[in-house]
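Report on one structure; see the data block that follows.
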Amino acid sequence: MKIRLAKYLADHGLCSRRAASRLIDEGRVLVNHRPANHIDHVDADDLILVDEQPFAAITEKHYLLYHKPVGIDCNLNPEKADSLYHLLQQFPMRLFPVGRLDKDSCGLVLLTNDGELAQRLLHPDFYHEKTYQVTVDKALTTQALEQLASGVSWTVGPHSYQSRPCQVTQLSSDRFEIVLTQGLNRQIRYMCRTQGFKVLQLKRIQLAEFNLADLAEGCFQTVSLSAD
């Protein structure tokens with residue numbers, strides 16, 4: 001049965017469905033020798049080219065945890081020396097990151113070729129929890145922590161954003177742990193800014209069922225999915 005192109009690319013290991021849609025928008029995908037569009041429905045009998053290369057569907061799904069250090073860019077750009085792309089070339093299978101961290105943050109990144117899982121983890125409707133430890137530039141107050149927990153709003157250019165209510169636990173005078181169920185761009189940094197704080201260190205320690213645990217910085221670990 002033919003399915004939408006972005007879903008087909010994600011389900012067969014190219015990237016997340018969101019990233020597949022971007023590739024289509026950018027004109028980097030061809031279907032049967034013509035530029036693809038979002039309403040295309042395809043199956044294994046169709047010829048699909050991505051960046052002028054034939055797309056080969058995966059036969060096995062893989063899951064790796066990566067403890068990303070500060071300074072690594074999760075955007076897979078081969079032209080940038082600090083891109084995660086170069087580290088992924090050591091693996092024989094195609095992998096992409098789920099739950100990106102910005103270059104100034106560290107911690108858990110899931111690497112996989114399972115586009116269906118990526119869709120579930122990234123889409124806010126599924127409310128998957130992501131846990132972070134945050135260090136800020138001055139002493140925390142009870143009022144600020146309560147405000148972060150109840151939800152705050154901010155603007156970036158012409159766009160306005162609102163955070164969902166979340167769990168916030170103080171760890172020390174200038175550190176706290178926060179559990180989010182959404183993944184807006186640089187969300188925690190913007191949330192802290194609304195309360196007058198600057199983030200000095202941001203570390204993700206958990207993404208849904210995947211936990212950083214004692215994985216050393218810069219290292220990878222193969223994992224399997226739980227039965228449920």
Side-chain angles (χ1 to χ4, degrees), residues 16 18 63-75 84 97-112 117-219 221 223 225-226 228:
S16 69
R18 186 181 305 173
Y63 310 92
L64 282 79
L65 303 184
Y66 172 49
H67 187 161
K68 187 190 89 67
V70 171
I72 296 295
D73 191 336
C74 281
N75 289 311
L84 178 60
V98 179
R100 291 178 176 178
L101 286 174
D102 63 55
K103 188 175 177 179
D104 298 326
S105 302
C106 63
L108 178 65
V109 174
L110 173 65
L111 303 170
T112 186
L117 174 66
Q119 172 71 8
R120 294 201 308 270
L121 292 180
L122 293 174
H123 201 289
D125 287 353
F126 291 99
Y127 280 76
H128 283 296
E129 294 185 345
K130 297 175 280 289
T131 304
Y132 303 80
Q133 293 179 345
V134 187
T135 303
V136 293
D137 62 336
K138 52 188 174 184
L140 296 161
T141 65
T142 300
Q143 181 180 2
L145 293 173
E146 289 177 348
Q147 189 63 58
L148 291 173
S150 63
V152 294
S153 59
W154 64 95
T155 59
V156 182
H159 304 291
S160 297
Y161 301 91
Q162 174 68 43
S163 65
R164 291 173 174 170
C166 58
Q167 302 175 41
V168 177
T169 305
Q170 187 166 358
L171 301 176
S172 69
S173 62
D174 61 352
R175 293 180 68 240
F176 66 95
E177 186 170 283
I178 185 169
V179 183
L180 301 179
T181 57
Q182 60 188 143
L184 302 173
N185 184 43
R186 299 178 70 85
Q187 177 173 349
I188 294 174
R189 296 181 188 277
Y190 284 119
M191 289 176 66
C192 287
R193 191 177 298 176
T194 68
Q195 304 305 304
F197 299 115
K198 178 181 179 181
V199 172
L200 300 181
Q201 184 181 54
L202 177 59
K203 181 178 184 179
R204 181 163 57 209
I205 61 172
Q206 188 157 350
L207 171 63
E209 66 184 86
F210 302 101
N211 198 303
L212 187 63
D214 57 356
L215 181 62
E217 185 174 273
C219 292
Q221 178 183 347
V223 294
L225 295 186
S226 61
D228 58 355

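These numbers come from a predicted model, not from an experiment.
A heavy-atom distance below 4.5 Å is not found between the side chains of Arg186 and Val199. The shortest distance between side-chain heavy atoms of Val179 and Cys166 does not fall below 4.5 Å. Proximity of Phe126 to Leu121: side-chain heavy atoms (C-beta onward) are nowhere separated by under 4.5 Å. At least one side-chain heavy atom of Ile178 sits under 4.5 Å from a side-chain heavy atom of Ile188. The shortest distance between side-chain heavy atoms of Leu200 and Asp174 does not fall below 4.5 Å.
Rounded to the nearest 0.5 Å, atoms NE2 (His159) and CG (Asn185) are 11.0 Å apart. Taken from CE in Met191 to CD in Gln162, the straight-line distance is 9.0 Å, to the nearest 0.5 Å. Note: Phe210 CZ to Thr131 OG1 = 14.0 Å, rounded to the nearest 0.5 Å. Note that OG of Ser172 is 7.0 Å distant from CG of Leu140, once rounded to the nearest 0.5 Å. Atoms NE2 and OG1, on His128 and Thr181 in that order, are 11.0 Å from each other to the nearest 0.5 Å. Taking CG of Leu65 as the reference point, atom CG of Leu110 lies at 6.5 Å (rounded to 0.5 Å).
Screening residues 189-201 for side-chain hydrogen bond (donor to acceptor under 3.5 Å, both in side chains), with sequence neighbours left out, gives Asp102-Arg189, Ser105-Arg189. Within the structure, side-chain hydrogen bond (donor to acceptor under 3.5 Å, both in side chains) pairs that include any residue of residues 65-75 comprise Asp73-Asn75, Asn75-Arg100 (at least two apart or interchain).
The shortest non-hydrogen separation linking Phe176 to Cys192 is CZ-SG, 3.7 Å. The minimum heavy-atom distance linking Ser163 with Gln187 is given by the pair CB-NE2, 3.8 Å. When all heavy atoms of Val109 and Pro97 are compared, the pair lying nearest together is CG1-CB, 3.8 Å. In this structure, Ala118 and Ser16 approach most closely via the heavy-atom pair CB-CB, 3.9 Å. The minimum heavy-atom distance between Leu207 and Val98, with the atom names listed, is CD2-O, 3.8 Å.
At least one donor-acceptor pair under 3.5 Å links the side chain of Gln206 to the backbone N or O of Ala208. A donor-acceptor distance shorter than 3.5 angstrom exists from the side chain of Arg204 to the backbone of Leu108, with no hydrogens or angles considered. A donor-acceptor pair under 3.5 Å is absent between the side-chain atoms of Gln170 and the main chain of Leu145, judged by distance alone.
For Gln133, the side chain to side chain contact (heavy atoms under 4.5 Å, CB included) partners two or more places apart in sequence, or in a different chain, are Leu171, Arg175, Glu177, Ile205.
Residue-environment remark: CD (Gln143) stays at or below the threshold of 12 foreign heavy atoms within 6.0 Å. Around the CG atom of Asp214, the shell of radius 6.0 Å holds no more than 12 heavy atoms that belong to other residues, nucleotides or ligands.
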Tell me, with the steps shown, if Tyr63 and Leu117 meet side-chain contact (heavy atoms from CB on, under 4.5 Å).
-> CA-CA 10 Å; Tyr63 310 92; Leu117 174 66; 3.6 Å; yes
